[in-house]
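Take a look at the structure set out below.
Bear in mind the structure is a predicted one, so any value in this text is a computation, not a measurement.
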Protein chains: 2
Amino acid sequence: MATPGARPRRATIFDVAAEANVSRGTVSRMLNGEPYVSDSAREAIEKAIAKVGYVRNMAARNLATQRSKAIALIVHEPHSVFLEDPNIGAILLGTNDRLSEDDYQLVCLIIGSDRDSARIADYLRGGFVDGAVIVSAREHDPIADAIAHIGLPAVFVGHPMSAPEMPYVGIDNRGAARDITRELLSTGRKKIGMIAAALDRDSGSERLAGFRDALGDQFDENLVVDFPLYSRTSGVEGMKALLDRAGDIDGVFAASDALAAGAMDVLRERGRSVPGDIGIVGFDDSDWAMRCQPQLTTVRQPADLLGREAASMVLELVNGITPESPGRILPTEIKLRGSA
Amino acid sequence: MATPGARPRRATIFDVAAEANVSRGTVSRMLNGEPYVSDSAREAIEKAIAKVGYVRNMAARNLATQRSKAIALIVHEPHSVFLEDPNIGAILLGTNDRLSEDDYQLVCLIIGSDRDSARIADYLRGGFVDGAVIVSAREHDPIADAIAHIGLPAVFVGHPMSAPEMPYVGIDNRGAARDITRELLSTGRKKIGMIAAALDRDSGSERLAGFRDALGDQFDENLVVDFPLYSRTSGVEGMKALLDRAGDIDGVFAASDALAAGAMDVLRERGRSVPGDIGIVGFDDSDWAMRCQPQLTTVRQPADLLGREAASMVLELVNGITPESPGRILPTEIKLRGSA
DNA sequence: GCTTAGTGTGTGAACGCTCCCAGAGATTGT
DNA sequence: ACAATCTCTGGGAGCGTTCACACACTAAGC
């Protein structure tokens with residue numbers, strides 16, 4: 001119904017060629033920065049392009065070259081987490097920055113529902129993108145399977161347990177969790193619990209493993225609670241549960257800053273002082289950490305660099321370079337603040 | 001330098017046609033859900049598609065149809081704001097949801113630098129998308145100009161002052177600011193200041209105008225401070241400045257919740273009680289509002305619906321339907337909590 | 001003066017799809 | 001029984017590129 005826009009016909013490479021009195025081959029070579037274009041031709045083409053207002057038709061180019069110069073960023077999170085999790089935003093920006101250096105375009109695909117999953121799998125198959133960066137894949141993620149099946153160059157942020165052979169970039173969640181738990185131990189805490197989350201993801205289960213590593217014999221399964229999401233509300237629930245189980249608990253490792261923030265709210269409500277009565281440490285160094293009172297001792301993870309590195313890797317894959325190692329681990333850093 | 005992937009040649013519509021013993025015309029009709037395809041043909045084609053593993057090549061389709069079934073979401077914000085502002089995420093998700101209902105794909109384009117601007121303008125011209133939703137355009141935004149020039153169907157979230165004739169969806173910032181300021185007045189405050197921000201955007205300047213409306217004669221220019229960004233740090237600075245200018249100030253309208261949160265941190269530090277000594281109201285009803293102590297009285301704006309509505313409008317435009325009114329205003333709601 | 005190599009240019013043939021038209025065959029109306 | 005209509009199908013043309021090849025011209029090299 002009604003012609004869409006009825007925009008004037010766009011100028012094509014033919015128009016430019018005619019205007020510049022050269023052939024389309026020459027125009028194409030010039031456009032692609034290939035050698036063997038004389039100065040006079042170059043100049044005439046530049047003038048002609050400006051005159052007829054030519055811009056490349058990417059659909060045609062994609063069809064002819066069989067590539068799109070676009071990379072997908074696939075985020076698989078329910079809406080609430082997408083909004084709350086600052087890491088995702090930072091990864092997004094890091095990826096975008098790196099891709100733009102090579103004139104690749106980032107295309108964000110958000111999986112909220114199963115319906116999204118199917119459509120996005122089609123999209124990936126459809127040749128719209130040359131590669132993908134996948135954030136926060138779960139175990140048995142249908143998208144991860146689809147990508148493997150299509151054979152699309154892809155890099156995971158985080159190390160998916162269900163596809164350990166795929167290229168990934170991540171942090172040493174286990175080591176970092178171990179280190180920050182030791183930090184908590186070093187303040188003399190005796191009864192330390194953990195609010196864990198997202199055990200269906202590598203980050204979640206590794207952080208728990210690191211916690212266990214640090215505690216060794218002292219590890220008490222009863223002092224670990226876990227939740228599906230790294231959210232503040234889970235932190236609230238988790239802290240309440242821990243206090244119920246052990247009123248004399250004096251240290252808590254929360255698997256994310258948001259969890260820690262929720263936990264601290266509960267403690268404030270119940271009149272327990274932090275770090276006096278109980279020490280708390282988090283993970284992420286997100287803006288939650290700075291907003292807590294006292295500010296949170298936590299693990300800083302370089303989210304933007306994770307994005308950059310993932311982008312670099314996927315570009316390598318797209319260009320047929322096999323990375324020497326399938327995974328890259330970026331360093332983390334403990335940020336000592338007041339909460340422990 | 002190494003063949004990219006060397007993936008096996010993908011099945012085309014020809015392969016399907018051959019396998020099903022029909023012509024590509026019939027396959028195409030079937031794929032596009034057109035009438036006049038016999039049941040036997042349909043069945044044979046379905047089998048053939050499954051057998052050869054066919055998926056449409058979108059680049060080819062786009063070239064033939066001259067449309068892409070994709071809509072761009074253009075976010076023009078420095079990185080820090082992108083990460084902090086919860087509205088952007090909600091708009092993003094709302095837009096994505098609406099588009100997926102019509103099987104359109106959302107493509108996020110983030111403008112961080114000028115370099116991005118140029119590349120994105122090219123991208124938009126390149127025929128990758130059929131339309132665009134633009135979030136947080138500034139005055140004299142180069143992208144807005146580019147879009148107008150290309151003639152791409154576009155809808156703004158917020159009402160850009162430099163392009164008032166463009167379709168947009170927004171809220172009544174001025175009215176809402178007036179209402180919440182009156183709320184503050186109704187608690188008996190006498191000396192009310194405002195921490196304004198982003199005056200180069202409609203949201204910022206309209207909120208200031210609404211504040212002025214509500215105060216009428218009592219308006220005191222000296223009690224207004226303004227900042228470029230709606231950020232917590234601006235709120236900290238702003239509150240300090242206001243206290244310097246008028247130590248007896250007893251009410252503050254912050255143009256965003258993040259600003260209000262910063263202001264409340266300063267007040268806590270200085271030992272002023274909220275809402276006892278001073279009443280504070282914000283704007284956005286973001287998660288900042290719930291995290292403040294006490295929780296913030298604020299204006300709820302339906303960010304996800306803004307996204308949905310913008311998506312609906314751009315889909316109409318793409319389909320050649322001219323919206324009856326150029327702009328749509330969504331209702332806001334005052335959330336009374338404890339801060340005023 | 002004849003090959004050889006290096007530059008620069010033009011053109012046909014894809015790329016994989018949709019659109020459109022011609023036409024076959026079945027069904028209906030008079 | 002013949003025209004008119006409706007349903008379904010096949011295939012040519014075109015979308016705007018890139019790519020590979022053929023060719024023309026120039027400048028050396030022997």
Side-chain angles (χ1 to χ4, degrees), chain A residues 3-4 7-45 48-49 52-70 122-123 125-128 130, chain B residues 1 3-5 7-45 48-49 52-70 122-123 125-128 130:
Chain A
T3 54
R7 284 179 244 163
R9 199 182 69 81
R10 286 171 42 169
T12 74
I13 205 172
F14 281 89
D15 302 325
V16 175
E19 182 70 33
N21 272 314
V22 296
S23 73
R24 21 177 252 298
T26 306
V27 176
S28 176
R29 274 188 291 274
M30 141 97 193
L31 249 27
N32 293 309
E34 286 170 25
Y36 302 143
V37 179
S38 66
D39 289 348
S40 62
R42 188 176 304 274
E43 200 176 327
I45 293 170
I49 286 178
V52 303
Y54 169 79
V55 301
R56 254 209 202 90
N57 180 316
M58 289 300 188
R61 178 178 220 221
N62 291 168
L63 180 60
T65 58
Q66 307 283 51
R67 35 167 70 207
S68 66
K69 280 234 153 194
D122 275 354
Y123 186 87
R125 271 191 281 264
F128 274 109
D130 296 339
Chain B
M1 198 134 326
T3 54
R7 286 178 243 165
R9 198 182 70 82
R10 287 171 40 169
T12 73
I13 205 172
F14 281 88
D15 302 324
V16 175
E19 182 69 33
N21 272 314
V22 295
S23 74
R24 4 177 273 294
T26 306
V27 176
S28 175
R29 274 187 291 276
M30 141 96 193
L31 249 27
N32 293 308
E34 286 171 24
Y36 301 144
V37 179
S38 67
D39 289 347
S40 62
R42 189 177 303 274
E43 200 176 326
I45 293 171
I49 286 178
V52 303
Y54 169 78
V55 302
R56 254 208 202 94
N57 180 314
M58 289 300 189
R61 180 180 219 219
N62 291 349
L63 181 59
T65 58
Q66 306 282 53
R67 36 168 68 207
S68 66
K69 281 234 152 196
D122 274 353
Y123 187 86
R125 273 190 280 265
F128 274 109
D130 296 337

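Between the P atom of dG16(D) and the CE atom of M58(A) lies a distance of 15 Å, rounded to the nearest Å. We find that NZ of K69(B) is positioned 17 Å from P of dC17(C), with the value rounded to whole Å. Atom CD1 of I13(B) is separated from atom C1' of dT9(D) by 14 Å (rounded to the nearest Å). Rounded to an integer number of Å, the gap from Y54(A) OH to dG16(D) P is 10 Å. Taking atom CD of residue E34(A) and atom P of nucleotide dC21(D), one finds them 14 Å apart after rounding to whole Å. Note: CG (N32(B)) to P (dG16(C)) measures 17 Å, nearest angstrom. L63(B) places its CG atom 12 Å from the P atom of dC19(C), with the value rounded to the nearest Å.
Here the straight-line distance linking atom CD of Q66(B) with atom CZ of R10(A) works out to 7.5 Å at 0.5 Å rounding.
Comparing dT17(D), dT9(D), dG16(C) against the side chain of T26(B) picks out dT9(D) as the nearest. Distance from the side chain of R61(B) is smallest to dC17(C) among dT17(D), dC17(C), dT7(D). Relative to the side chain of F14(B), the nucleotides dC19(C), dC17(C), dT18(C) differ in distance, and dC17(C) lies closest. Side-chain proximity of S38(A) to dT9(C), dC8(D), dT17(D): nearest is dT9(C). Residue A64(B) has its side chain nearest to dC17(C) when only dT9(C), dC17(C), dT9(D) are considered. Distance from the side chain of N57(A) is smallest for dT17(D) among the nucleotides dG8(C), dC17(C), dT17(D).
Comparing T65(B) and D39(B), the nucleotide of DNA chain D nearest to each residue sits closer to the 5' end for D39(B). Residues R29(A) and S23(B) each lie close to DNA chain D; by heavy-atom proximity, the contact nearer the 5' end of the strand is made by S23(B).
R29(B) is listed as a side-chain neighbour of T26(B), based on a closest heavy-atom distance under 4.5 Å. F128(A) has its side chain out of reach of N57(B): every pair of non-hydrogen atoms, C-beta onward, lies at least 4.5 Å apart. When side chains are defined from C-beta on, N32(B) counts as touching R61(B), because their heavy atoms get closer than 4.5 Å. A heavy-atom distance below 4.5 Å is not found between the side chains of Y54(B) and I45(B).
Between the side chain of R24(B) and the base of dG12(D), at least one donor-acceptor pair of N or O atoms lies under 3.5 Å.
Residue contacts shown for A41(B) are limited to sugar-phosphate atoms, with no base heavy atom under 4.0 Å away. Contact annotation for V55(A): backbone-only contact, meaning every heavy-atom pair under 4.0 Å involves sugar-phosphate atoms and none involves a base.
Remark: Y36(B) is not in phosphate contact with dG10(D), judged by side-chain N or O atoms under 4.0 Å from OP1 or OP2. Within the structure, every side-chain polar atom (N or O) of N62(B) is placed at least 4.0 Å from both OP1 and OP2 of dC17(C). A close approach under 4.0 Å does occur between a side-chain nitrogen or oxygen of Q66(A) and OP1 or OP2 of dG16(C).
Side-chain polar atoms of D130(B) and S68(B) form a donor-acceptor pair below 3.5 angstrom.
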